[in-house]
Structure formats: C-alpha cells, structure tokens
Number of protein chains: 2
Amino acid sequence: MFKIILRFGLLALLLGILLELSNYSISNRSYYSEFLVAIAAVGLVAFGFVLRKYIITKTSYLKDEFAPNERKIQLLQISSREMEVLTVMAEGFSNIEIADKLFVSESTVKTHVSNLLSKLEAKRRTEAIKKAKEYGIIK
Amino acid sequence: MFKIILRFGLLALLLGILLELSNYSISNRSYYSEFLVAIAAVGLVAFGFVLRKYIITKTSYLKDEFAPNERKIQLLQISSREMEVLTVMAEGFSNIEIADKLFVSESTVKTHVSNLLSKLEAKRRTEAIKKAKEYGIIK
DNA sequence: GAACATTTCATACTAAAGTATGAGCCGTGT
DNA sequence: ACACGGCTCATACTTTAGTATGAAATGTTC
C-alpha cells in the first residue's frame, strides 16, 4: 500500500518537474517548449487514468480483508447464530449440510434461515445471499 | 455516445486553453502563472481519472471492470441461454420469475438450471452461483 | 443433407426449501 | 423472580427446486 503511494507520489513529482521545466523553457523561448508542455499534459492525463485503476483495484483488494458491516447487522437485528448460518448458506450448502457444520438439527437451520429471509426481506435464500452481499454483511 | 465524445472533447479543449493561458502568463511573468499551471495539472489528472471511468462504463459490455471469463464459459460448455439463466438466477429470482423474464416456460428454465448444475458440478443453485462467481463468469 | 448442439416444452417424479406454530432451555438484565 | 431475546427442536404442511426422460423445432457445421 505504501509502495503504491510512493510510486504515484514519485510519478506526480516527475510530472511536476516536467511542468516546471516547460515553464523555464517557455521563459527562455526554447525549441522544446510546446513539446514539453504537450508531454506533461499527456503524462498528467495518463496519470489520472492509471490512478483510477489502482484506486479501484486496491479498494477491491481491501474487500478481501473483509470486515462485515456490523452496523447493518445490528440494524437488521441479525443474531450471531443467524450470521453463521448465513455465511455457510452463502457457500452453497444445503440446510442439512449447514446443520452438520454447526452441530444443530435441520429444523434449527430452517428456523434461522426463515428468520433471515424475513429480516433481509427476501423470498428465497439466493435473494438473501445477494442482499447480504450488497449490504456488506457477508463477502 | 457522441454526446460523451463531445463533452470530453470540450473538456480537453478547455484544458488545452488553460495550458496555453498559463504559457502566456508565464511569458508575461504574471502573478497567476504558477496557480494556472497547478490548476491545469490537476484538471488534466482529473480528466484522465474520469476518462477511464467513462471508457469502461461506456464500452457497455465491460461493466465495473467486469469482463465475463469467456474461456471458462467455453471450457464448461455453457451455452448463451444458460448464461442468461445463470445471470438472472444469481440475482435471487425463482424459476418462474426467470421464466417470465426470459419469456419461456418454467420447464425450460428448470432444464437450463439442471444443465448448469451438472456443468458447474454443483448440487444446488446456490453452489452454482458461488462457483460461477469464483470462475469469474458472472459478477 | 446428415450429424450435432441448442432451445424449447411436457409429464411425472423425488428432494429440498420455506412457513407456521408451539415449546423447552439458557443467559441477561430489571 | 420474571420478562426477554436468542437458540434449540419438532411436527405438519405448502411451495420450490431439481431429476429423468422424451420429444420437437431450430440452427450450424462438415
């Protein structure tokens, strides 16, 4: 992360120097004045262009260090056990498989899922998963 | 599309004028010389920054930097219609809802889903959705 | 044009998912 | 102590989802 900031900082500095250079050459009416300005301009545009990509990829990188949206979880009144069910459910497991993983009965899982559906205002588990992801409460 | 090109063209022109202006003011050693250059530089970076977004979003089939993994789709022998079903299915819709959206019967959707499950080696639609996302064939 | 994949649909199943209701247990807090 | 929320489970039921099979209409490819 610091590496990227450093890289972009250096690039920005370089472009700044280029601009300054063109300033001086303009004052001196050098041959390369217009040329240098053009290069600096193109460089700056490219800088912004690439910057966006890095910002986007690096923020999606931060999604890997996934922190569930606790606010939303509390707002929807989703309990910790429901969260566990939701997480395993999103992995594509059936109710019985979830039950085995959490050491409870299928009935219990069904109850949790049913509660999750109403809390997430979803009609199906697929819809619940989609919404939960949109809310950032699961990855 | 032309609208966007026009907009960006105008913006680029404006930035060019700004640069030229700063050139002149530098020659004249005006108070605003450095200031103008800085504004032009920031403008150019912003230009590139926004440009990327527009290029990506306006090339429509590349939404949010997402390009479906065509190689994987072909490898798994998933047909175009199956892809459509998969996409809508991942949005959390039921078979009947998918059928309505694609103007086919529920039977047809069931067939497609069933084929998708075997092709994706999934036991349930939730698992299929998860795998499809991992493979990068849906977002 | 014959072979082949795709898309469509139906029928008849079985298997899951989801709903509704009631109930017992366990902590926490008033 | 008692109310409350969370977790557990069961039974009974309805609704979807998923499988199997067959079949017909399209394209596509060699």
Side-chain angles (χ1 to χ4, degrees), chain A residues 68-135 137-138, chain B residues 68-135 137-138:
Chain A
N69 190 342
E70 297 292 347
R71 276 169 243 160
K72 196 74 194 181
I73 292 169
Q74 285 187 347
L75 209 85
L76 295 174
Q77 307 223 59
I78 295 172
S79 73
S80 61
R81 204 54 168 162
E82 282 163 0
M83 270 307 297
E84 293 185 62
V85 172
L86 179 58
T87 307
V88 182
M89 187 173 83
E91 297 293 314
F93 293 105
S94 70
N95 286 338
I96 293 174
E97 286 170 338
I98 298 168
D100 288 343
K101 281 175 189 289
L102 301 184
F103 304 105
V104 292
S105 76
E106 192 195 351
S107 301
T108 307
V109 175
K110 281 189 176 186
T111 307
H112 287 316
V113 172
S114 206
N115 290 332
L116 277 167
L117 293 185
S118 64
K119 286 178 183 179
L120 285 163
E121 291 180 81
K123 296 194 203 89
R124 284 159 292 282
R125 68 214 281 126
T126 45
E127 195 184 349
I129 292 165
K130 189 205 154 206
K131 283 198 171 188
K133 287 186 181 182
E134 281 176 355
Y135 292 155
I137 67 180
I138 56 168
Chain B
N69 192 340
E70 297 292 345
R71 277 169 243 160
K72 196 75 193 180
I73 292 169
Q74 285 185 347
L75 209 86
L76 295 174
Q77 308 221 59
I78 295 171
S79 73
S80 60
R81 204 55 166 161
E82 283 162 1
M83 271 305 299
E84 294 185 62
V85 171
L86 179 58
T87 307
V88 182
M89 188 174 83
E91 296 293 315
F93 293 104
S94 70
N95 286 338
I96 293 174
E97 286 170 338
I98 299 168
D100 287 343
K101 281 175 189 291
L102 301 185
F103 303 105
V104 292
S105 76
E106 192 195 353
S107 301
T108 307
V109 175
K110 281 188 175 186
T111 306
H112 287 317
V113 172
S114 206
N115 290 332
L116 277 167
L117 293 184
S118 64
K119 285 177 182 178
L120 285 163
E121 293 180 81
K123 296 194 203 89
R124 284 159 293 280
R125 66 215 283 127
T126 45
E127 195 184 351
I129 292 166
K130 189 206 157 205
K131 283 198 171 187
K133 286 187 181 183
E134 281 177 356
Y135 292 155
I137 67 181
I138 55 167

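Quantities reported herein were computed from a predicted structural model and do not represent experimental measurements. Quick note on labels: first sequence line is chain A, next is B, and so on, each numbered from 1.
Of the N and O atoms on the side chains of B:T108 and B:T111, not one donor lies less than 3.5 Å from an acceptor on the other residue. Looking only at atom types and distance, the side chain of A:R81 has no donor-acceptor partner in the side chain of A:N115 under 3.5 Å away.
Taking atom CZ of A:F93 as the reference point, atom C1' of C:dA16 lies 16 Å away to the nearest angstrom. We find that NZ of A:K110 is positioned 14 Å from C1' of C:dT21, with the value rounded to whole Å. Rounded to a whole Å, the CD1 atom of B:I98 is 9 Å from the P atom of D:dG18. One atom, CG of A:L102, and another, P of D:dG6, lie 18 Å apart when rounded to the nearest Å. Note: NZ (B:K123) to C1' (C:dA15) measures 14 Å, nearest angstrom. If you take CG of B:D100 and P of C:dC9, they are 12 Å apart, rounded to a whole angstrom. At whole-Å resolution of the value, CD in B:E127 and C1' in C:dA17 are 16 Å apart. For A:E106 and D:dC9, the CD to C1' distance is 12 Å, given to the nearest whole Å.
For B:V104, taking side-chain heavy atoms from C-beta onward, the closest of the listed nucleotides D:dA17, D:dT8, C:dC9 is C:dC9. Checking C:dC9, D:dA10, D:dT19 against every side-chain atom of B:S114, the shortest atom distance belongs to D:dT19. Between D:dC9, D:dC7, C:dC9, one nucleotide has an atom nearer to the side chain of A:S107 than all others, and that is D:dC9.
Under 4.0 Å is where a charged nitrogen must lie from a carboxylate oxygen, and between A:R124 and B:E97 at least one such pair does.
For the OP1/OP2 pair of C:dT7 and a distance below 4.0 Å, the side-chain nitrogens and oxygens of B:T108 include no atom meeting the criterion. Using a 4.0 Å cut-off, some side-chain N or O of B:R81 falls inside it from OP1 or OP2 of C:dT8. At the phosphate of C:dT8, OP1 or OP2 sits under 4.0 Å from a side-chain N or O atom of B:H112. The side chain of B:N95 places an N or O atom within less than 4.0 Å of a non-bridging phosphate oxygen (OP1 or OP2) of D:dA17. Note on B:S80: a side-chain N or O is less than 4.0 Å away from OP1 or OP2 of C:dT7. OP1 or OP2 of D:dG18 has at least one side-chain nitrogen or oxygen of B:R125 nearer than 4.0 Å.
Remark: side-chain polar atoms of B:K119 are paired, donor with acceptor, to backbone N or O of B:Q77 under 3.5 angstrom.
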- Task: Please assess A:V109 against A:V88 for the test side chain to side chain contact (heavy atoms under 4.5 Å, CB included), listing each intermediate value before the final yes or no.
- Result: CA-CA 11 Å; A:V109 175; A:V88 182; over 6 Å; no

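Among the heavy atoms of the strands lying under 4.0 Å from A:S79 are primed sugar atoms or P, OP1, OP2 only; no base atom is included. B:S105 comes within 4.0 angstrom of the backbone, heavy atoms only, and of no base. Here B:S94 lies in heavy-atom contact (under 4.0 Å) with sugar-phosphate atoms only.
Heavy-atom nearest nucleotides on DNA chain C were determined for B:N115 and for A:N115, and the one closer to the 5' end corresponds to B:N115. Nearer to the 5' terminus of DNA chain D, by closest-nucleotide assignment, is the contact made by A:K119 (compared with the other of A:T111 and A:K119).
Contact annotation: the side chain of B:V85 approaches that of B:L102 to within less than 4.5 Å [non-hydrogen atoms, C-beta and beyond].
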